[in-house]
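Remember, predicted model here, so these are calculated numbers, not experimental data.
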Amino acid sequence: MTGQDMIKRASTQQDIAALHKLVESAYRGDSAKRGWTHEADLLGGQRTDLEALQEILADANQVILLAIDGQDIAGCVQLMRVKERVAYLGLLTVDPDRQAGGLGKKLLDASERYVAENWQAQAIEMTVIRQRADLIAYYERRGYAQTGERRPFPLDDPRYGLPKTQELEFVVLRKEIETT
């Protein structure tokens, strides 16, 4: 998918079923293992549910940006305004069969532009499971730096999946961005 082929837009309630299918296929189960960004070796169960996606879309301080390829949602990213001048990035998802083609980078770039233009954010933060060294390295190559902060993984909350190890925790990454 080239930049000209990709249409980026905010998700709507009509996208929820397809969005849910994409997220689950990229993070959990055998389909996720076709890509390199999955969590299937660390977590079982669901990554998210329809209700959580509906809550995100109903919140004026959140948006899910989509990358559309033809009629398919090829990728997405959740953005949340968390405090003045700081946004949170989560749920960066690329269809497992389209990974390693640059779409994740395009979604990150679109995210940085969106939060700078719409929320005047000067920084983006995210959390990544500490055991995901390849993914952390990917974000570091794109200018995100580990802050040194760690946050507990919600091991007892099935909305986040079923842990295959009790050692899970999040590291916080941050990138300063230019506002427009």
Side-chain angles (χ1 to χ4, degrees), residues 1-12 14-44 46-50 52-53 56-57 62-80 87-118 121 123-146 160-161 170-178 180:
M1 175 185 324
T2 66
Q4 293 80 12
D5 298 326
M6 185 173 53
I7 301 167
K8 290 177 244 163
R9 65 172 174 83
S11 180
T12 66
Q14 291 75 27
D15 298 313
I16 287 181
L19 186 59
H20 182 254
K21 181 179 177 185
L22 170 71
V23 170
E24 294 303 309
S25 73
Y27 282 92
R28 301 287 197 275
D30 291 336
S31 64
K33 292 181 180 181
R34 292 193 311 262
W36 70 272
T37 63
H38 68 85
E39 301 169 342
D41 295 334
L42 298 172
L43 294 155
Q46 69 181 20
R47 171 59 175 86
T48 191
D49 57 31
L50 296 172
L53 294 172
I56 292 168
L57 296 184
Q62 296 190 65
V63 66
I64 298 177
L65 299 181
L66 302 178
I68 309 292
D69 186 11
Q71 297 297 314
D72 300 327
I73 298 175
C76 70
V77 61
Q78 171 195 7
L79 301 169
M80 179 176 18
Y88 179 84
L89 184 147
L91 211 59
L92 179 62
T93 308
V94 174
D95 178 320
D97 295 326
R98 291 178 169 102
Q99 290 182 14
L103 183 53
K105 182 182 182 311
K106 291 175 186 174
L107 283 164
L108 285 173
D109 291 344
S111 297
E112 292 165 14
R113 281 192 307 276
Y114 184 93
V115 300
E117 292 171 4
N118 293 284
I124 295 182
E125 292 182 344
M126 68 174 74
T127 55
V128 179
I129 296 172
R130 177 182 52 82
Q131 289 82 353
R132 305 287 322 284
D134 289 347
L135 190 56
I136 292 169
Y138 169 83
Y139 288 124
E140 288 175 332
R141 289 191 301 272
R142 275 138 197 89
Y144 290 81
Q146 293 188 53
Y160 292 91
F170 290 118
V171 295
V172 178
L173 289 92
R174 181 181 173 106
K175 181 177 182 179
E176 303 300 320
I177 57 174
E178 295 183 26
T180 57

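- Looking at D95, its side chain does come within 3.5 Å of a backbone N or O of D97 through a donor-acceptor pair.
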Using the rule given for side-chain contact (heavy atoms from CB on, under 4.5 Å), can you reason through V23 versus C76, listing the C-alpha separation, both sets of side-chain angles and the distance that settles it, and then say yes or no?
CA-CA 8 Å; V23 170; C76 70; 4.1 Å; yes
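- Judged by distance alone, the side chain of Q62 and the main-chain N or O of I56 form no donor-acceptor pair under 3.5 Å.
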Run the numbers on E125 and L173 for side-chain contact (heavy atoms from CB on, under 4.5 Å), then give the verdict.
CA-CA 6 Å; E125 292 182 344; L173 289 92; over 6 Å; no
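- Counting all heavy atoms, side chain and backbone alike, K175 lies closest to G143 at CG-O, 3.6 Å.
- Listed for the H20 side chain is no donor-acceptor partner under 3.5 Å among the backbone atoms of L53.
- Note on K105 versus D109: salt bridge recorded, some NZ/NE/NH1/NH2 to OD/OE distance being below 4.0 Å.
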Hey, mind stepping through Y139 and M126 against side-chain contact (heavy atoms from CB on, under 4.5 Å) and telling me if it holds?
CA-CA 10 Å; Y139 288 124; M126 68 174 74; 3.6 Å; yes
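- Both the sub-6.0 Å distance and the 45° axial angle are satisfied by R142 relative to the ring of Y138.
- Separation of atoms OG (S111) and NZ (K106) is listed at 14.0 Å; rounding is to 0.5 Å.
- We find the CD1-CG distance between I73 and L66 to be 5.0 Å, quoted to the nearest 0.5 Å.
- Remark: side-chain polar atoms of D15 are paired, donor with acceptor, to backbone N or O of T12 under 3.5 angstrom.
- No side-chain heavy atom of M80 sits less than 4.5 Å from a side-chain heavy atom of I64.
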Y144 and L89: CA distance, side-chain angles, deciding distance, side-chain contact (heavy atoms from CB on, under 4.5 Å) verdict
CA-CA 11 Å; Y144 290 81; L89 184 147; 4.1 Å; yes
Test side chain to side chain donor-acceptor pair (under 3.5 Å) applied to Y88 and T127, step by step:
CA-CA 9 Å; Y88 179 84; T127 55; 2.7 Å; yes
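- Remark: L19 CG to T93 OG1 distance equals 7.5 Å, nearest 0.5 Å.
- Side chains of R174 and I124 form no contact here, defined as non-hydrogen atoms less than 4.5 Å apart.
- Side-chain contact between L91 and V77 is absent, with no heavy atoms from C-beta onward closer than 4.5 Å.
- At a threshold of 4.5 Å between non-hydrogen side-chain atoms, the residues V128 and F170 do not count as touching.
- Between R98 and D69 there is a side-chain heavy-atom pair separated by less than 4.5 Å.
- When side chains are defined from C-beta on, L65 does not count as touching K8, because their heavy atoms never get closer than 4.5 Å.
- Between the side chains of E24 and Q46, no donor-acceptor pair of N or O atoms lies under 3.5 Å.
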